[in-house]
Amino acid sequence: MLCNMSEQPILVEARKGYRVITLNRPDRLNAFNKAMHVALRAALDDAQADESCRALMITGSGRGFCAGQDLSDRLAKPGETVVLGATQEAYYNPLVRTLRSLPFPVVAAVNGVAAGAGCNLALACDIVIAGQSAKFVQSFARIGLVPDTGGTWILPRLVGDARARGLALLAQDLDADKAASWGLIWKCVEDDVLMFEAGRICEHFAASPTQGLALIKRALNASAGNTLDAQLDLERDLQRAASLTPDYAEGVRAFMEKRKPNFTGRKGS
Ligand code: T3D
C-alpha cells in the first residue's frame, strides 16, 4: 500500500504488475473536489513513471463509484454567478487525455453509482466492468449543465446517436445490465465478484505485451478522427513499431515452441 490514510482523497495500492486507485470521498459518493483532482493527477503520473506498472484499476470506496463534481463547491450566493470552464481546462480534460494515452490499459471497476463527470471518467477507461447494482447517469441535464469529461464524444461512439441523446437529454439512470447490453461498458458482473473479476483482468494485462497494448490504444484512439486510408497508414506504422518490441519476438518464439510467452512489458524496445 503506497498510501492508505482514510482522509486521503485517493488511495493507491501497488499490486504485482498493476496499481489500484480508489477514489476515496465515500460520504460524497467520491465526488471530485480540487484535492481529489490533484491527488489523482499525481497517482496517474506516478503509475506512468513506474515501468513495472502494466495496468491500472480505478474504483470507488463505499457505495458509489463517483458522483462527478462536488456540487457543494459550486453553490452560488444570491446575486453571485459561478462561471464554469476552468475546472475542465485544468483537471477534467487533462484527466481524460491522460487515461486515453497512458501506455497501459486502464480498467474501471464501477462499484456503484457513476454520475456526471464520474460516469464519463469511467467511460474514458479502456475496460469498464460494473457490479450489478451500479448505475450510469449523465446527470448534467438535471442541473442545467452539458455532459463533459468527454461524454458528448464517447457516448454516441459507444451506443449510437439515439441512445446518446436519450442518456444526455433525459439524464435517466441506466443500470449496469442494460449498460452492458447497450455496449456502453464491457461487462456487468455480480457485485460480490466485481473486484475479483477486475483484478483478474489487471493480472492478465500485467502479463501481456504492454507496448503492443499501448499501440493498440493509439490506433483505436485515432480511428474516430481518421479516414480508412489514414488509419491503414497508421496501422502500418504502429505494426512496424510493435515488431520492434522484445515482446513481439517472444510472442512468436513462444508460439513456435508451444509454450506460454514470458512478456517483459514496458521494459526494452
Ligand atoms: O467545474 C464544474 O463544476 C463543472 C464540472 C461538471 C462535472 C459534473 O460532474 S457536473 C454533475 C455533478 N454531479 C451531479 O449532479 C450528481 C449529483 N448527485 C446525484 O444526483 C445523486 O447523489 C446520485 C444520483 C449520484 C446518487 O443518488 P443517491 O440517492 O444514491 O445518493 P444521495 O443521497 O443523493 O447522495 C449521498 C450523499 O452524497 C448525499 O449527502 P448526505 O445527504 O448523505 O450528506 C449527497 O448530497 C452526496 N453527494 C452526492 N453527489 C454529490 C454529493 N455531494 C456533493 N456533490 C455531489 N456531486
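Both ligands and their constituent atoms are indexed starting at 1 by order of listing.
A heavy-atom distance below 4.5 Å is not found between the side chains of Leu174 and Arg163. Considering only heavy atoms from C-beta on, Asp148 stays 4.5 Å or farther from Leu84 through its side chain. You'll find the side chain of Asn120 stays beyond 4.5 Å of the side chain of Val96, heavy atoms only.
Nearest protein heavy-atom contact of atom 48 (N) of ligand 1 is Arg28 O, 4.0 Å. The protein non-hydrogen atom at the shortest distance from atom 34 (O) of ligand 1 is Leu29 CD1, 5.0 Å. In this structure, the protein non-hydrogen atom closest to atom 5 (C) of ligand 1 is Gln88 NE2, 3.1 Å. The protein non-hydrogen atom at the shortest distance from atom 6 (C) of ligand 1 is Asp148 OD2, 3.2 Å.
Put simply, atom 21 (C) of ligand 1 has no protein non-hydrogen atoms near it, under 4.0 Å away. Within the 4.0 angstrom cut-off, atom 25 (C) of ligand 1 has one or more protein heavy-atom neighbours. Less than 4.0 angstrom separates atom 10 (S) of ligand 1 from at least one non-hydrogen atom of the protein. The nearest protein heavy atom to atom 43 (O) of ligand 1 is not closer than 4.0 Å. In this structure, atom 29 (O) of ligand 1 has its sub-4.0 angstrom surroundings free of protein heavy atoms. Distances from atom 54 (C) of ligand 1 to the protein include at least one heavy-atom value under 4.0 Å.
In this structure, of Arg63, Glu89, Arg25, Lys135, the residue bringing a heavy atom nearest to atom 32 (P) of ligand 1 is Arg63. The option from Ala67, Gly64, Ala171 that lies nearest to atom 51 (C) of ligand 1, judged by heavy atoms, is Ala67. In this comparison of Gln138, Gln69, Arg74, the heavy atom closest to atom 56 (C) of ligand 1 sits on Gln69.
Enclosure of atom CZ in Arg240 is not indicated, since only 12 or fewer non-hydrogen atoms of other residues, nucleotides or ligands lie within 6.0 angstrom. Within 6.0 Å of CH2 in Trp186 there are 12 or fewer heavy atoms belonging to other residues, nucleotides or ligands. Enclosure of atom CZ in Arg218 is not indicated, since only 12 or fewer non-hydrogen atoms of other residues, nucleotides or ligands lie within 6.0 angstrom.
Asp229 and Thr227 are not linked by any side-chain donor-acceptor pair at a separation below 3.5 angstrom, with hydrogens and angles left out of the test. For Thr210 and Arg266, the side-chain atoms include no donor-acceptor pair closer than 3.5 Å. With no hydrogens or angles considered, no side-chain donor-acceptor pair links Ser133 and Arg63 at under 3.5 Å.
Geometrically, ligand 1 and Thr87 share a nitrogen or oxygen pair separated by less than 3.5 Å. Of the polar atoms of Leu71, at least one N or O is found under 3.5 Å from an N or O of ligand 1, judged by distance alone.
Close approach of ligand 1 to Asp27 is summarised as follows: ligand atoms under 4.0 Å from at least one heavy atom of the residue are 37 (C), 38 (O). Heavy-atom contacts of Gly68 reach the following atoms of ligand 1: 9 (O) (cutoff under 4.0 Å). Each of the atoms 25 (C) of ligand 1 lies under 4.0 Å from some heavy atom of Ala115. For ligand 1, the atoms sitting less than 4.0 Å from at least one non-hydrogen atom of Phe140 are 7 (C), 8 (C), 9 (O), 10 (S), numbered in the order shown with element in parentheses. Those atoms of ligand 1 with a heavy atom of Ser139 less than 4.0 angstrom away are 13 (N), 14 (C), 15 (O), 16 (C).
Leu123 is not connected to Ile127 by any chain of hydrophobic side-chain contacts under 4.5 Å among Ile, Leu, Val, Met, Phe, Trp and Tyr, and they are in different clusters.
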_Glu250 and Arg253: CA distance, side-chain angles, deciding distance, salt bridge (Lys or Arg N to Asp or Glu O under 4.0 Å) verdict_ = CA-CA 5 Å; Glu250 165 64 4; Arg253 248 190 332 265; 3.3 Å; yes
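Checked by atom type and distance alone, the side chain of Lys217 pairs as donor or acceptor with a backbone atom of Phe104 at under 3.5 Å.
Two rings, from Phe32 and Tyr92, have their centers less than 6.0 Å apart.
By the 4.0 Å heavy-atom criterion, Asp73 is excluded from the residues contacting ligand 1. Using a non-hydrogen distance threshold of 4.0 Å, Leu84 registers as a contact of ligand 1.
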